[in-house]
2 protein chains.
Amino acid sequence: MNSSPAPGANLAALRDHNTALVLGLLRDAGPAGASRAELADRTGLTPQAVSKITGRLRVAGLAAEAGRRASTGGKPATALRLMPEAAHAIGVHLDRDALTVTLVDLSGAEVVTRTSPLDLGAGAETVLAAVTAEAARVRAEAGGSLLGAGVALPGPLDHRTGVLHRVTGFPRWDGFPLRDALAERLGLPVVVDKDTNAAALGLVLRGCAGPAGSFAYLHLGTGLGAGLVLGGAVHRGARTGAGEFGHQVLRLDGPLCPCGDRGCIEVLCLDAVARGDVAEAARLLGTGAANLVRLLDIDLVLLGGGTLLKDAATYAAGVRDVLGAAAPVAVTPAGDRTVVEGAAELVLASLFGRDRLSGLPKAGLTHSP
Amino acid sequence: MNSSPAPGANLAALRDHNTALVLGLLRDAGPAGASRAELADRTGLTPQAVSKITGRLRVAGLAAEAGRRASTGGKPATALRLMPEAAHAIGVHLDRDALTVTLVDLSGAEVVTRTSPLDLGAGAETVLAAVTAEAARVRAEAGGSLLGAGVALPGPLDHRTGVLHRVTGFPRWDGFPLRDALAERLGLPVVVDKDTNAAALGLVLRGCAGPAGSFAYLHLGTGLGAGLVLGGAVHRGARTGAGEFGHQVLRLDGPLCPCGDRGCIEVLCLDAVARGDVAEAARLLGTGAANLVRLLDIDLVLLGGGTLLKDAATYAAGVRDVLGAAAPVAVTPAGDRTVVEGAAELVLASLFGRDRLSGLPKAGLTHSP
DNA sequence: GCAGTTTCGCAACAGCGTTGCCAAAGTGGA
DNA sequence: TCCACTTTGGCAACGCTGTTGCGAAACTGC
């Protein structure tokens, strides 16, 4: 999913790539930081190159020295760490009945979060006004260093243009240019993506996939969807349509699904949930997950979503039963913040070289005069 | 799926990237070639950079000028084209009962192909001897400009190490280091991959996916498998396990499959084939394909494999019936050469920047002294 | 015949990571 | 206490990348 118009790379692209890489490693290292030598080792760059890059980052205020490490027989290493407060991002989660807005710093840590009820079907004007108002409240904490806002909501939609399609249950949104409309209101760059994709991205930045690793995030809420991380990056497909896990046919010629097909996993699973048969719902989820693991050779299955989190342990156990040794199963470590946190990461990801396609114009924080 | 040990990029990596990009565009342009201005436009590089790159390619004998284009109001463009005979690659297709070896030039065009019967269960020594003998015959046509050999065979296996696992039906191969064993016999770099992955790669280089495009290649032979192309690159997964399409559960609690699960698409589909019910087999294939298209947002479904090609039109129609407008369906344009052609492309892909992970050490054809 | 357009190369350039060298700051043995 | 050794990391010079500025070449159209 490269931006195909200009796949050629010049020196500036090379510098940005390496800078993002280092910045990403610094973020992963956390408050303890990492030494220049460690960074050089992990990137494959020479120590001198790392020195130059970290020097630029320090001038830009994105990194700072953070004490000494114990010596291993020579000069002790100087730890470098990310300055989390150097920049912030807003995350917006538009759910069917609620609005959550969060402000996070560069490290992805929560600064403040506000949740309010919302009718996603109330019309564009009402929804936009609510988002704008909540964002303004949250924004005060950022102190001007705001990179942009990421918005996560149910699909289908087009994450490249930020235009919504027939959002499930709310067809009136079809064709609405959410990204541009919100960018104008907020005066900020805005990135829009499906809720499951945002969640997956957030989990990537939490380190749930190793470098070039993979996992599937299965989200069971009012519907059933998935976010796929392949080769370290979120797989969205050309039309942001990837992750339509709910309409995988699992029982040929089974019960009719609202989507028109028969035997979709969503209709089977939601039926089981409605009957209160959590074990069967988990078994269905597990069977679908096993299909994913086999098809995509995935390292890990992560579970989340409102319905599932109400009985997370039972679901996890049921899915684990079906998957066996095929892949480990875990519940999302971000809990009910999974989506909104990921929404904020939509903005930050490009800084850390974790996007391979973000709607944001390459944020050039280190462009020296 | 970057080679994670060294994601940092230096000037050499940048040059190789841009060179591969230009080389790839020249290959896609075919004998008609492309002008420097066109290449600059498509890569996003400056015309001057393209001139330097193509200059190196011409010195290396990989490209040459090929006449003038018609003027569009100014100086007419000079076409550049790939010199296909500058290098060759061997493709080896190890099937359960046959061995096919082919020699292709840089453009992927067939120079010579030899097919002979083979028992894949006859033991490593016998099989290796057969491959070595056939490769030697084919090799004579290359005139020394041989980059390496690509080997495609049924999985499971590890394409990064070239070590086989319990190849379906032939468990004796488990743990055999095919890549290294063959590399030693041939005195050439060798790349090993699953047959379906090789087929998918070959179709990518035929232009079946646009840049950053995607498709699924469904292969129905003695088994059922898939090669997945996502974002312009073959998706193999961390353990080369991706594409296990045959064991997608399609009928929950359905008939037992040799793999131990129930209702796998392979067992359903092969049953239908055995009954002579091609229409039902095609419907099953279509349902599985629809699952893929929805899950991965895929642009195109390509069909191939020995069993399918015997009645390609019927299968294509049946699959098309199920998929409807979700995605176009086509039969592999390479016919029964799909796999062996792809095997040869395993070697060539890295030259054209189409690998993102090839076992081959970056072939530095343009390294000037 | 001349202005305009388009292609493309030469030369000088800025900026990238690399190399060679050295200072700083520890450890550990004599 | 001293000294050899290891490890970290910066300075300066360097080679190589794509870029910029400029001009020659080659065609169209008035």
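Since the structure is predicted, the reported quantities are computational estimates derived from the model, not experimental observations. Within every chain, numbering begins at 1; the chains are lettered A, B, ... in the order of the sequence lines, protein sequences first and strands thereafter.
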Quiz item: How would nucleotides 4-15 of chain D be written as a contact map, 5' to 3', with B for base contact, S for sugar-phosphate-only contact and - for no contact, using protein heavy atoms under 4.0 Å?
Solution: --BBBSBBB--B

Exercise. Could you pull out all residues at least two apart from B:Arg81 that satisfy side chain to side chain donor-acceptor pair (under 3.5 Å)?
Key: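 Side chain to side chain donor-acceptor pair (under 3.5 Å) check on B:Arg81 returns nothing, list empty.
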
Quiz prompt | B:Asp193: side chain to side chain donor-acceptor pair (under 3.5 Å) partners, not counting sequence neighbours | solution =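 Scan of B:Asp193 (side chain to side chain donor-acceptor pair (under 3.5 Å), adjacent residues dropped) gives B:Asn197, B:Arg236.
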
Exercise. To the nearest 0.5 Å, tell me how far A:Thr43 OG1 sits from A:Ile53 CD1.
Key: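 Rounded to the nearest 0.5 Å, the OG1-CD1 separation comes out at 7.0 Å.
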
Is there a side-chain contact between [X] and [Y], using heavy atoms and a 4.5 Å cut-off?
X	Y	result
B:Met83	B:Leu62	no
B:Val111	B:His88	yes
A:Thr54	A:Val22	yes

Output yes when at least one side-chain N/O atom of [X] is less than 4.0 Å from OP1 or OP2 of [N], else no.
X	N	answer
A:Asn18	C:dC16	no
A:Thr46	C:dG17	no
B:Arg68	D:dC27	yes

Atom pair distance, as rounded to whole Å: [atom1] in [X] and [atom2] in [N]:
X	N	atom1	atom2	value
B:Asp16	D:dC16	CG	C1'	13 Å
A:Leu39	C:dG17	CG	P	14 Å
B:Arg15	C:dG17	CZ	C1'	13 Å

